[in-house]
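Read through the structure below, which is laid out as structure tokens, and then see the notes.
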Amino acid sequence: MKAAVYHENGGPEVLRYEDVPDPECHPKGIVIRVEAVSIEGGDTLNRFRGPLVTRPHIVGYQAAGEVVEVGAEVTTIKVGQKVVTTGAFGSHAELRAVPARTAWVIPDGMDVKQAAVVPVPFGTADDCLFEFGRMKKGEIVLVQAGASGVGVAAIQLAARAGAAMVIATASSDERLERLKALGLTHGINYKTHDVVQEVGRLTDKHMADVIVDSVGGPTLQGSILSLAYRGRVSMVGQAGREPMKVDVGSMMGGNRSLSGVFLGAEINTDRVHDNIQRLIEDVAKGELKAVIDREFPLSEAAEAHRYIESRQAVGRVLLIP
């Protein structure tokens, strides 16, 4: 099969389009013929500095397609079904093998490309807001990196849950404008405005009750300083690729809290598996929107990664084998 691989860590230029052996099907797993790869934030981070579990390495968390092989112990999925899958690596390829537990059946009639972008971003955003952020109706929500996959999902989920205000940050006014249709109340261009000051101004100094931060680094300090009394930050990534050096002293006086969130730690649980299936069905029904910014051929994976890292995208970028 063809795959986008790399032999050493680095920038997008390390990606190569090469022939590699087809994956083998585990007795508890499935193999899919990939129709759409959703490039996740962790994919670019792993390419940049993650471990090369295989050599050459096929990066990638999430892909959707048609089941072409089913392991002997699998009873919940059949050959011919369309599914969306997650895994630690291996999405950037024509074929992909995963445990059946990390695959979700795509509802009849749903666009495979739409399904391809749901599990990790929407599952992560849901956990950040509700499982760990404990968001309640009427609260103020701040979403750092609102144009990211997790950000796009979090804005919609917070608005749907009755947030009094949904604030998001992004690198340009144009990207923020595109988020308004998803439920954004106010946008903050972090390149031209001080985020903490703007949150204070927009909320009349109340600040944010729940914050979703997928950036980390210095941005996380801004999130901590943007918390309301009893506010909660869900930290879910290091998209900024900068060291996590923060002063948490301001949290104690306001009974504030900071939670680290990693969907992968619980993705095999019934709670997360069932929640992701529900979110897929919500997108299929049109209750939530899977935002796809651009599509690239799998052979142009390097260019797709380069585009993502230029911070122009709103939502997910797809690779199509």
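One distance of note links CG of D209 with CD of E139; it measures 4.5 Å at 0.5 Å rounding. The distance from the CD1 atom of I58 to the CG atom of D43 is 12.5 Å, given to the nearest 0.5 Å.
Residue K136 qualifies as enclosed at atom NZ: its count of foreign heavy atoms under 6.0 Å is above 12. Atom CD of E18 is surrounded by more than 12 heavy atoms from other residues, nucleotides or ligands within 6.0 Å. Residue R230 qualifies as open at atom CZ: its count of foreign heavy atoms under 6.0 Å is 12 or below. When the shell of 6.0 Å around CG of D19 is examined, it contains more than 12 heavy atoms from other residues, nucleotides or ligands. The number of heavy atoms from other shown groups lying within 6.0 Å of CD (E8) is above 12.
When only modelled atom types and interatomic distance are considered, T219 and Q221 share no side-chain donor-acceptor pair under 3.5 Å. In this structure, a donor-acceptor pair under 3.5 Å is absent between the side chains of Q62 and T86. Side-chain polar atoms of Q312 and S310 form a donor-acceptor pair below 3.5 angstrom. If you check the side chains of R16 and H7, you find no donor sitting under 3.5 Å from an acceptor.
Applying the ring-ring contact (aromatic ring centres under 6.0 Å, His included) definition to pairs two or more places apart or across chains, those involving residues 53-76 are Y6-H57, H57-F89.
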**OP:** List the steps, then state whether side chain to side chain contact (heavy atoms under 4.5 Å, CB included) holds for H305 with H92.
**Re:** CA-CA 11 Å; H305 276 231; H92 288 37; 3.1 Å; yes

Subject >> Q144/S223 under side-chain hydrogen bond (donor to acceptor under 3.5 Å, both in side chains): CA gap, chis, key distance, verdict >> reply: CA-CA 8 Å; Q144 299 279 20; S223 292; 3.0 Å; yes

**OP:** Please lay out, stage by stage, how R306 and E309 fare under the test salt bridge (Lys or Arg N to Asp or Glu O under 4.0 Å).
**Re:** CA-CA 5 Å; R306 190 172 291 110; E309 293 180 346; over 6 Å; no

**OP:** Please lay out, stage by stage, how R96 and S91 fare under the test side-chain hydrogen bond (donor to acceptor under 3.5 Å, both in side chains).
**Re:** CA-CA 6 Å; R96 188 190 200 186; S91 75; 5.2 Å; no

Subject >> Test log, rule salt bridge (Lys or Arg N to Asp or Glu O under 4.0 Å), inputs R271 and D127 >> reply: CA-CA 11 Å; R271 180 188 73 81; D127 264 10; 2.9 Å; yes

Original post:
What's the verdict on salt bridge (Lys or Arg N to Asp or Glu O under 4.0 Å) for D293 and R178, showing C-alpha distance, side-chain angles and the deciding distance?
Top reply: CA-CA 11 Å; D293 186 275; R178 292 172 64 184; 3.4 Å; yes

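Residues L288 and L263 fall within the same hydrophobic cluster, defined by Ile, Leu, Val, Met, Phe, Trp and Tyr side chains chained together at heavy-atom separations under 4.5 Å. No continuous path of ILVMFWY side-chain contacts below 4.5 Å connects M235 to V212, so the two sit in separate hydrophobic clusters. One hydrophobic cluster, built from ILVMFWY side chains closer than 4.5 Å, holds both V248 and I211. Grouping the Ile, Leu, Val, Met, Phe, Trp and Tyr side chains by contacts below 4.5 angstrom, directly or via other members, places V314 with V150. In the hydrophobic clustering of ILVMFWY residues, with side-chain heavy atoms under 4.5 Å counting as a link, L179 and V291 come out together.
Looking at R232 and R256, their side chains never come closer than 4.5 Å, going by heavy atoms from C-beta outward. Residues V5 and L15 are not in side-chain contact: their nearest non-hydrogen atoms beyond the backbone lie 4.5 Å or more apart. Taking the side chain as every heavy atom from C-beta outward, C25 and V70 never approach each other to under 4.5 Å. Side-chain atoms of V233 and S259, non-hydrogen and from C-beta on, never get closer than 4.5 Å to each other. Annotation: side chain of V141 is in contact with side chain of M135 (closest heavy-atom distance under 4.5 Å). Using a 4.5 Å heavy-atom threshold, the side chains of Q156 and F122 count as touching. Put simply, the side chain of L157 reaches to within 4.5 Å of the side chain of F130, judged on heavy atoms. Side-chain contact check for R134 versus L129: every heavy-atom pair is 4.5 Å or farther apart.
For the side-chain contact (heavy atoms from CB on, under 4.5 Å) test, residues two or more places apart in sequence or in another chain that qualify with Y17 are K2, E94, L298, S299. The side-chain contact (heavy atoms from CB on, under 4.5 Å) test applied to N275 returns D126, R278, L279, not counting sequence neighbours.
Note: Y307 and F296 have tilted aromatic rings, judged against thresholds of 30 and 60 degrees for the angle between ring planes.
Electrostatic pairing of R160 and D282 counts as a salt bridge here, judged by a charged N lying under 4.0 Å from a carboxylate O. A salt bridge does not link K113 with E35: none of the charged nitrogens is closer than 4.0 Å to a carboxylate oxygen.
The backbone N or O of T85 sits nowhere less than 3.5 Å from a side-chain atom of W104 that would complete a donor-acceptor pair.
Considering every non-hydrogen atom in both G123 and I276, the closest pair reads CA-CG1, 4.3 Å.
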